[in-house]
Engineer: 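Quick one: this structure, given as structure tokens, is what I'll be asking you about.
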Amino acid sequence: MQYIMTFFWSFLLVSMLTYVVSSILGVDPNFGLAAILSVAVSILVFIIAAVLPSAPVADTDSH
């Protein structure tokens, strides 16, 4: 379920970004490119989540 929701939110956010940038540039929005970019953003989010530690590291500093 987390994969589906991550793709949904990345598709939504990248589509909005594509629309805004294309409006600023004065060109037609390309939602096919937005779908491809949202897949790349989803994969990047999964990689970042796998690399970051899930639990805080215990402080073993003894003075």
Side-chain angles (χ1 to χ4, degrees):
M1 186 69 178
Q2 73 182 11
Y3 298 116
I4 295 170
M5 292 307 295
T6 302
F7 176 73
F8 171 76
W9 282 108
S10 68
F11 179 76
L12 187 70
L13 293 173
V14 169
S15 295
M16 288 190 306
L17 180 67
T18 303
Y19 177 75
V20 170
V21 170
S22 65
S23 295
I24 290 171
L25 294 176
V27 296
D28 292 332
N30 186 354
F31 291 110
L33 178 63
I36 294 169
L37 286 175
S38 65
V39 170
V41 167
S42 297
I43 292 171
L44 184 66
V45 167
F46 295 140
I47 290 172
I48 291 172
V51 170
L52 291 177
S54 61
V57 178
D59 188 19
T60 59
D61 188 25
S62 60
H63 288 78

Engineer: Let me confirm one number: the CZ-CD distance from Phe46 to Gln2, rounded to the nearest 0.5 Å.
Structural biologist: 6.5 Å
Engineer: Using modelled atom types only, decide if a donor and an acceptor are shared between the side chain of Thr6 and the backbone of Tyr3 within a distance under 3.5 Å.
Structural biologist: no
Engineer: Give the minimum heavy-atom separation between Ser10 and Val41, together with the two atoms involved.
Structural biologist: CB-CG1, 4.0 Å
Engineer: Looking at CG of Asn30 and CD1 of Ile36, how far apart are the two atoms once the value is rounded to the nearest 0.5 Å?
Structural biologist: 8.0 Å
Engineer: Would you say Met1 ends up clustered with Leu12 if hydrophobic residues are merged whenever their side chains have heavy atoms under 4.5 Å apart, either directly or through other cluster members?
Structural biologist: yes
Engineer: With the side chain counted from C-beta on, respond yes when Leu13 and Leu17 share a heavy-atom pair under 4.5 Å apart, and no when they do not.
Structural biologist: no
Engineer: Does one hydrophobic cluster hold both Ile47 and Phe7, with members joined at side-chain heavy-atom distances below 4.5 Å?
Structural biologist: yes
Engineer: If you group Ile, Leu, Val, Met, Phe, Trp and Tyr by side-chain heavy-atom gaps below 4.5 Å, do Val39 and Leu33 land in one group?
Structural biologist: no
Engineer: Quick check: closest heavy atoms across Tyr19 and Pro29, and the distance to 0.1 Å?
Structural biologist: CD1-CG, 4.2 Å
Engineer: What heavy-atom pair brings Ser15 and Phe31 nearest, and what distance separates the two atoms?
Structural biologist: O-CE2, 3.9 Å
Engineer: What is the distance from atom CG of Asp28 to atom OG of Ser23, rounded to the nearest 0.5 Å?
Structural biologist: 9.5 Å
